[in-house]
Q: 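Pasting a structure below so you can have a look.
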Amino acid sequence: MEINIQKRVLEKNETEADKNRAFFKNNKVFVLNMMSSPGSGKTETLCKTLGKLMPEIRVGVIVGDVCTTNDADRLEVTGAKVTQINTDQFGGDCHLAAPLIDASARQLGCDDLDLLIVENIGNLVCPAEFDIGEDARAVVLSVTEGEDKPLKYPLMFQVADAAILNKIDLLPYLDFDAPLAVENMKKVHPGIPVFEISAKTEEGFDPWLEWLRTKVKEKLGIVTK
Ligand code: MG
Ligand code: ZN
């Protein structure tokens, strides 16, 4: 019974996600869904990413949290168009579903954007199941978490098109085995690109930015190389 309800919820979401895809296509905007557990440094990674991509690429952000506008406030400083979704008004959902993205994307306006980034709610479980009509998904894992998270939450890493290993500036102070974490990501998703970065020191950003720029330009039909 419970499984059937969950199936219907996901089917309805899929229909809404298809509508979002059409809306994003009409607006010629590339959409990236960023996911992670809480505290992995998604917002800081985004702040630095926006600072490096803009104004060459026009970026907007939809930030999801259960409560507060703290992350939107931090992102607004970059000059990007930002809108915050607080799911506590809708029962405190722990993921962003397609209808919420539809409403926020229309409110934000996408016709003047090249890239829309959705900072999903910190959670490695259900955000992986909810298609929001995005073009690509990125998952952020930080070195203060366990190397085995990709094995514990395989779906999240399987649906991701890229993975970021963040906070590598802390590696000298931790027992975290970075090669093992990368190996675990590749075990559940062979061939996934993994970018080892520090959002704090900005180490390792160039390959990540290049991956994202290429994706955006592919969708917008801009020929690179
Ligand atoms: Mg955040
Ligand atoms: Zn959820």
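Quick note: numbers below take in every heavy atom, side chains included, and nothing from hydrogens, waters or symmetry partners. Numbering of residues begins at 1 and proceeds along the displayed sequence. Counting starts at 1 for both ligands and their atoms, in listed order.
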Q: May I have the angle between Thr43 OG1 and Asp71 OD2 with its vertex at the Mg ion (ligand 1), rounded to 10°?
A: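 The OG1/OD2 angle about the Mg ion (ligand 1) sits at 90°.
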
Q: Only N/O/S atoms count here: what is the atom of Glu119 closest to the Mg ion (ligand 1) called?
A: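 Going by distance to the Mg ion (ligand 1), the closest N, O or S atom in Glu119 is OE2.
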
Q: How open is the angle at the Zn ion (ligand 2) from atom SG of Cys94 over to atom SG of Cys126, rounded to 10 degrees?
A: 100°

Q: Does the pair Glu16 and Lys19 meet the rule for a salt bridge (charged side-chain N to carboxylate O under 4.0 Å, His left out), with working shown?
A: CA-CA 5 Å; Glu16 296 293 328; Lys19 285 187 208 161; 3.4 Å; yes

Q: Would you tell me whether Asp65 and Gln84 have side-chain atoms, one donor and one acceptor, within less than 3.5 Å of each other?
A: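 Indeed, the side chains of Asp65 and Gln84 share at least one donor-acceptor pair under 3.5 Å.
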
Q: Are Lys81 and Asp112 close enough for a salt bridge, meaning some N to O gap below 4.0 Å?
A: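 A salt bridge links Lys81 with Asp112.
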
Q: Does Asn70 bring an N, O or S atom to under 2.8 Å of the Mg ion (ligand 1)?
A: no

Q: Looking only at N, O or S atoms in His95, which is nearest to the Zn ion (ligand 2)?
A: ND1

Q: With the threshold set at 4.0 Å, does a side-chain nitrogen-carboxylate oxygen contact exist between Arg58 and Asp114?
A: yes

Q: Is it true that Lys217 and Glu56 have a side-chain N and a carboxylate O under 4.0 angstrom from each other?
A: yes

